[in-house]
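Down below is the structure, laid out as structure tokens.
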2 protein chains.
Amino acid sequence: MAQHEAREGRLRPARRLTLSEDVYESIKTLVMDHILPPGERVNIDALARELDVSPTPVREALARLEADGLVRKRPLSGYTTTPLLSRAEFDDLFDVRLLLEGATAGRAAAHASTEERQRITAEAAASIDVEAGDGYRRHAAFTALDATFHDLIAEVAGSPLLRDSVTRLHSHLHLHRLYFPVTGAPATNTEHQRIAAAIAAGDSEAAAEAMRAHLTAARERHLPAFDQLPDPGTPRDPV
Amino acid sequence: MAQHEAREGRLRPARRLTLSEDVYESIKTLVMDHILPPGERVNIDALARELDVSPTPVREALARLEADGLVRKRPLSGYTTTPLLSRAEFDDLFDVRLLLEGATAGRAAAHASTEERQRITAEAAASIDVEAGDGYRRHAAFTALDATFHDLIAEVAGSPLLRDSVTRLHSHLHLHRLYFPVTGAPATNTEHQRIAAAIAAGDSEAAAEAMRAHLTAARERHLPAFDQLPDPGTPRDPV
DNA sequence: CAAAGCAACATCCTATAGGAAATAGGTTCC
DNA sequence: GGAACCTATTTCCTATAGGATGTTGCTTTG
């Protein structure tokens with residue numbers, strides 16, 4: 001049963017601890033980067049062959065991804081990648097982000113340690129040198145940096161439950177953003193630095209307010225995307 | 001391969017659509033009702049034999065439950081039910097509930113339809129006749145009714161993302177409450193009715209305030225539980 | 001020409017078997 | 001008497017095979 005020597009030369013990164021974990025990360029990346037396009041059927045067997053594993057760990061990873069909201073499962077019809085965000089879902093996402101991330105910023109300003117405040121300030125400053133690169137790469141780097149900044153604040157807020165909720169929200173955001181390159185990188189950086197300054201100063205109310213202003217502005221920057229492409233609506237259960 | 005006639009007489013309820021779904025609900029109930037005690041190892045094969053299915057759907061259900069936070073998975077050591085809430089985790093839970101459910105109550109007051117307002121009012125009123133029953137049964141019924149009320153408000157708030165977050169939080173709460181019967185049923189009912197009245201009247205601010213007052217009071221009612229039993233602390237990764 | 005029915009196909013879902021790792025217990029050595 | 005090492009067992013993890021179901025395309029009929 002020569003199943004080990006075939007493991008070389010696969011397109012997955014070096015294995016973590018369990019195969020299921022690797023497969024989970026691999027598929028998550030495939031969905032996040034839209035290599036598996038939104039709203040498309042996911043063939044378990046084909047995916048297993050592609051990753052050079054048996055269908056069982058693929059099935060297990062898909063079950064976790066469904067709980068994350070990145071794929072959907074129709075009972076006897078297989079898995080499907082979650083379709084693109086509709087306008088209503090996008091608005092809902094930012095409404096909830098406003099609520100949750102306003103709170104994380106305020107709490108971060110109150111609870112963060114000295115070392116954590118420095119990390120946040122550094123992260124906001126590091127956002128500048130993403131000007132390098134071109135097109136897709138540059139946009140992907142910017143998106144990753146933005147996510148890192150927001151996740152860092154959620155991490156520092158000192159509430160595991162709040163952090164989980166925010167992280168879950170962010171993975172939903174990726175279902176929209178990668179398709180629509182935005183041009184507001186400089187504005188985003190200054191807004192980030194304003195948030196970082198308020199947190200460093202320990203001013204909870206100012207931090208929350210700066211975060212809410214940032215999210216409101218970011219929401220406005222993303223809006224034109226819905227005019228460029230036909231709105232996908234919510235064609236998610238065509239029965 | 002006589003695998004169908006063995007399906008009769010199992011302790012699972014009638015099958016929904018897929019076996020994995022049934023198994024998921026079954027295990028979820030086992031964890032919620034503490035038939036699988038918190039912090040205990042979960043043997044996949046034993047569970048599969050108990051439910052009279054193969055390990056594969058059990059494994060899939062466990063993966064979903066891990067995403068829900070009801071079980072944990074240590075890479076090469078199997079699954080474990082999530083341990084009891086520590087004092088710090090309990091405080092965190094109610095902090096986040098205060099934030100999220102205050103928002104759901106306010107939004108429910110603004111967005112609910114006439115029919116939905118009636119359902120909420122009816123649900124709050126129905127909370128009275130749980131005085132019947134004894135001990136465990138009575139407490140379980142009260143807990144279920146409380147969860148239904150809060151979930152209903154989250155449902156009506158008109159934000160799918162917010163509803164998911166709240167629902168997720170509630171499943172965490174079950175990890176604490178069932179072990180410590182509380183005596184505040186009458187107070188809970190009046191508080192629920194006050195919330196329902198504010199929502200029915202369409203007063204967002206009053207509804208949010210009533211919800212926050214309710215949660216603050218409920219938190220106080222639960223607190224003595226930590227004095228009755230030795231605090232479990234956070235013995236979750238004994239290596 | 002359109003719609004309904006049928007059949008073939010592809011895919012998912014479940015069951016079983018075997019290899020690998022971690023845990024637990026006993027033994028031995030210090 | 002205690003700690004470290006080794007061995008045996010248990011358990012998890014992965015792979016493969018077969019049955020049931022949904023889906024798709026074609027044919028036939030009105």
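Labels below follow one simple rule: chain letters A, B, ... track the order of the sequence lines, proteins then strands, and each chain is numbered from 1.
If you check every strand for non-hydrogen atoms under 4.0 Å, B:V42 touches sugar and phosphate atoms only.
Rounding to whole angstrom units, CG of residue A:L47 and C1' of D:dA15 are separated by 17 Å. Atom pair B:R41:CZ and D:dT9:C1' shows a separation of 13 Å (rounding to whole Å applied). Atom CZ of A:R49 is separated from atom C1' of C:dA10 by 11 Å (rounded to the nearest Å). The CG atom of A:L19 sits 12 Å away from the P atom of D:dT16 (whole-angstrom rounding). Between the CZ atom of A:R74 and the C1' atom of C:dC12 there is a distance of 13 Å, given to the nearest Å. Spacing between atom CD of A:E21 and atom P of D:dC12 amounts to 17 Å, rounded to whole angstrom units. The separation between A:D22 atom CG and D:dT14 atom C1' is 13 Å, rounded to whole Å. Spacing between atom CD of A:E60 and atom C1' of C:dC13 amounts to 15 Å, rounded to whole angstrom units.
Nearest to the side-chain atoms of A:I44 among the listed nucleotides C:dC13, C:dA15, D:dT14 stands C:dC13. Distance from the side chain of B:D45 is smallest for D:dC12 among the nucleotides C:dT14, D:dT14, D:dC12.
Taking 4.0 angstrom as the limit, A:N43 places a side-chain polar atom (N or O) nearer than this to OP1 or OP2 of C:dC12. Remark: B:S54 is not in phosphate contact with C:dT14, judged by side-chain N or O atoms under 4.0 Å from OP1 or OP2. Distances shown here put every side-chain N or O of B:R59 at or beyond 4.0 Å from the OP1 or OP2 atom of D:dC12. Proximity of B:S77 to the phosphate of D:dT11: no side-chain N or O atom is located under 4.0 Å from OP1 or OP2.
Where A:G78 and A:T56 meet DNA chain C, the nucleotide closest to each residue was compared, and A:G78 sits on the side nearer the 5' end.
Ring orientation note: the planes of A:H192 and A:F149 are close to parallel, at an angle under 30° on the 30°/60° scale.
Nearest heavy-atom pair, A:R72 versus A:P83, reported as atom, atom and distance to 0.1 Å: NE-CD, 3.7 Å. When every heavy atom of A:F90 is checked against every heavy atom of A:H222, the shortest pair comes out as CZ-CB, 3.5 Å.
B:H170 and B:E101 are linked by a side-chain donor-acceptor pair at a separation below 3.5 angstrom, with hydrogens and angles left out of the test. A:S171 and A:D68 form no side-chain donor-acceptor contact under 3.5 Å, judged by distance and modelled atom types alone.
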